[in-house]
Amino acid sequence: VIFRWWKISLRNEFRESRPGEIKESQEDFLDDSSLHIQIAIVFGAKVLEHVLNLCRGNYDFLERLPVPLLLYIISFLELEDIARLSQVSRRFEMISNSNALWENIVENLCDTITPEMKELAEEMGWKQFFFTNRLQLQLQLRRRRQR
């Protein structure tokens, strides 16, 4: 772990000050509570927690994946697993309820999606479209045609 700092000041006494640096192994960093306090003060508790987790080997790679890749992976899960995943974090809740995910799921599970159906799904939301039974969808499509 490398902690670097520098002073920015208009005072003459700090004009010649050079950047400082502390290098510690991950094990030493985990034991250095004074450095923990400094990091928490400067960067906040979340950054400190993140660094501590990295040093402990608790790094969640799944949480760091880009959204398009997560959407692709999640689209292969069972519906029950998607519901559970949505409870893991705010990020996974947002992704699990996103139109992009449910559009992908509908397209994978349905044989054909007409432009009219796609328009209705865009209007009502792909997740809602997926969970609406066929009779109700047919009724809504018929009403749209009559307009």
Side-chain angles (χ1 to χ4, degrees), residues 1-10 18-147:
V1 176
I2 302 172
F3 184 65
R4 293 186 178 126
W5 70 90
W6 61 93
K7 290 185 180 187
I8 300 172
S9 176
L10 295 175
R18 301 282 174 237
E21 179 178 276
I22 296 174
K23 288 184 183 181
E24 291 189 355
S25 69
Q26 292 178 353
E27 295 81 22
D28 290 340
F29 175 77
L30 288 171
D31 295 332
D32 191 344
S33 59
S34 65
L35 190 53
H36 297 177
I37 292 168
Q38 290 175 357
I39 289 175
I41 289 170
V42 174
F43 298 107
K46 284 187 176 186
V47 170
L48 173 62
E49 189 63 31
H50 180 70
V51 173
L52 290 171
N53 281 330
L54 286 173
C55 291
R56 293 180 187 125
N58 300 334
Y59 189 76
D60 188 356
F61 291 100
L62 188 62
E63 187 74 36
R64 303 267 179 235
L65 288 176
V67 172
L69 183 56
L70 282 172
L71 286 169
Y72 179 73
I73 293 169
I74 295 169
S75 69
F76 291 101
L77 295 177
E78 298 292 325
L79 296 178
E80 190 176 302
D81 296 327
I82 294 173
R84 286 189 184 121
L85 183 66
S86 72
Q87 298 171 348
V88 169
S89 68
R90 286 185 182 153
R91 182 171 191 235
F92 284 126
E93 178 185 19
M94 180 196 71
I95 293 169
S96 296
N97 290 315
S98 71
N99 266 333
L101 173 66
W102 289 97
E103 180 178 6
N104 196 356
I105 290 171
V106 169
E107 287 174 351
N108 287 339
L109 294 177
C110 293
D111 297 333
T112 56
I113 300 174
T114 65
E116 191 177 34
M117 291 170 66
K118 191 169 187 166
E119 193 176 303
L120 178 62
E122 294 286 338
E123 190 177 293
M124 69 189 304
W126 283 94
K127 185 176 180 181
Q128 181 68 35
F129 181 83
F130 178 81
F131 285 108
T132 303
N133 71 40
R134 287 184 177 168
L135 289 175
Q136 288 176 330
L137 285 176
Q138 288 173 351
L139 180 63
Q140 288 184 13
L141 286 170
R142 205 172 300 129
R143 284 181 186 157
R144 286 177 61 89
R145 286 183 199 128
Q146 290 174 353
R147 284 191 221 159

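Heavy-atom basis, side chains included; hydrogens, waters and symmetry copies ignored.
- In this structure, Trp126 CH2 and Gln128 CD are separated by 13.5 Å, a value rounded to the nearest 0.5 Å.
- A heavy-atom distance below 4.5 Å is found between the side chains of Leu70 and Leu62.
- Applying the 6.0 Å contact sphere to CD of Glu78 captures no more than 12 heavy atoms from other residues, nucleotides or ligands.
- Leu85 has its side chain within reach of Ile74: a pair of non-hydrogen atoms, C-beta onward, lies under 4.5 Å apart.
- A distance of 10.0 Å separates CD of Glu49 from NE2 of His36, quoted to the nearest 0.5 Å.
- Using a 4.5 Å heavy-atom cutoff, the side chains of Phe43 and Leu48 are not in contact.
- The main-chain N or O of Ser96 is found under 3.5 Å from a side-chain atom of Trp102 such that the two form a donor-acceptor pair.
- The shortest heavy-atom contact between Tyr72 and Phe76 is O-CD1, 3.1 Å.
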Audit row: Ile82, Ile105, side chain to side chain contact (heavy atoms under 4.5 Å, CB included) steps and yes/no: CA-CA 11 Å; Ile82 294 173; Ile105 290 171; 3.6 Å; yes
Residues Phe129, Leu120; criterion side chain to side chain contact (heavy atoms under 4.5 Å, CB included); working and verdict: CA-CA 8 Å; Phe129 181 83; Leu120 178 62; 4.3 Å; yes
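- Of the inter-residue distances, the one linking Ile95 atom CD1 with Ser89 atom OG reads 7.5 Å to the nearest 0.5 angstrom.
- Residues Ile113 and Cys110 come closest through the heavy atom pair CG1-CB, 4.0 Å.
- In this structure, the separation between CD on Glu103 and CD on Glu122 is 5.5 Å, given to the nearest 0.5 Å.
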Let's go through Glu21 and Lys23 carefully: what are the C-alpha distance in whole Å and the side-chain angles of both, what is the deciding distance for salt bridge (charged side-chain N to carboxylate O under 4.0 Å, His left out) to 0.1 Å, and is it a yes or a no? CA-CA 7 Å; Glu21 179 178 276; Lys23 288 184 183 181; 3.8 Å; yes
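- With sequence neighbours left out, the side chain to side chain contact (heavy atoms under 4.5 Å, CB included) criterion links Glu80 to Arg84.
- Heavy atoms from other residues, nucleotides or ligands lying under 6.0 Å from CZ of Phe131 number more than 12.
- To the nearest 0.5 Å, the span separating OG1 on Thr114 from CD on Glu119 amounts to 9.5 Å.
- A 4.5 Å side-chain heavy-atom check between Val88 and Glu93 finds every atom pair outside the cut-off.
- Counting heavy atoms of neighbouring residues, nucleotides and ligands inside a 6.0 Å radius, atom CH2 of Trp6 does not exceed 12 of them.
- Within the 4.5 Å cutoff, the side chain of Glu24 has no heavy atoms near those of the Ile2 side chain.
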Please determine whether side chain to side chain contact (heavy atoms under 4.5 Å, CB included) holds for the pair Phe29 and Ile39, giving the CA-CA distance in whole Å, both sets of side-chain angles, and the decisive distance to 0.1 Å. CA-CA 11 Å; Phe29 175 77; Ile39 289 175; 3.5 Å; yes
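- A heavy-atom distance below 4.5 Å is not found between the side chains of Leu139 and Leu135.
- Looking only at atom types and distance, the side chain of Asn99 has no donor-acceptor partner in the side chain of Lys127 under 3.5 Å away.
- Under the side chain to side chain contact (heavy atoms under 4.5 Å, CB included) criterion, Tyr59 pairs with His50, Leu54, Phe61, Arg64, sequence neighbours left out.
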Evaluate side chain to side chain contact (heavy atoms under 4.5 Å, CB included) for Glu107 paired with Lys118, printing each intermediate quantity in order. CA-CA 10 Å; Glu107 287 174 351; Lys118 191 169 187 166; 4.1 Å; yes
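- The structure places CZ of Arg142 at 11.0 Å from CD of Glu116, a figure rounded to the nearest 0.5 Å.
- Minimum heavy-atom separation, Cys55 to Leu30: CB-CD2, 3.8 Å.
- Taking each heavy atom of Leu141 and Met117 in turn, the nearest pair found is CD1-CG, 3.8 Å.
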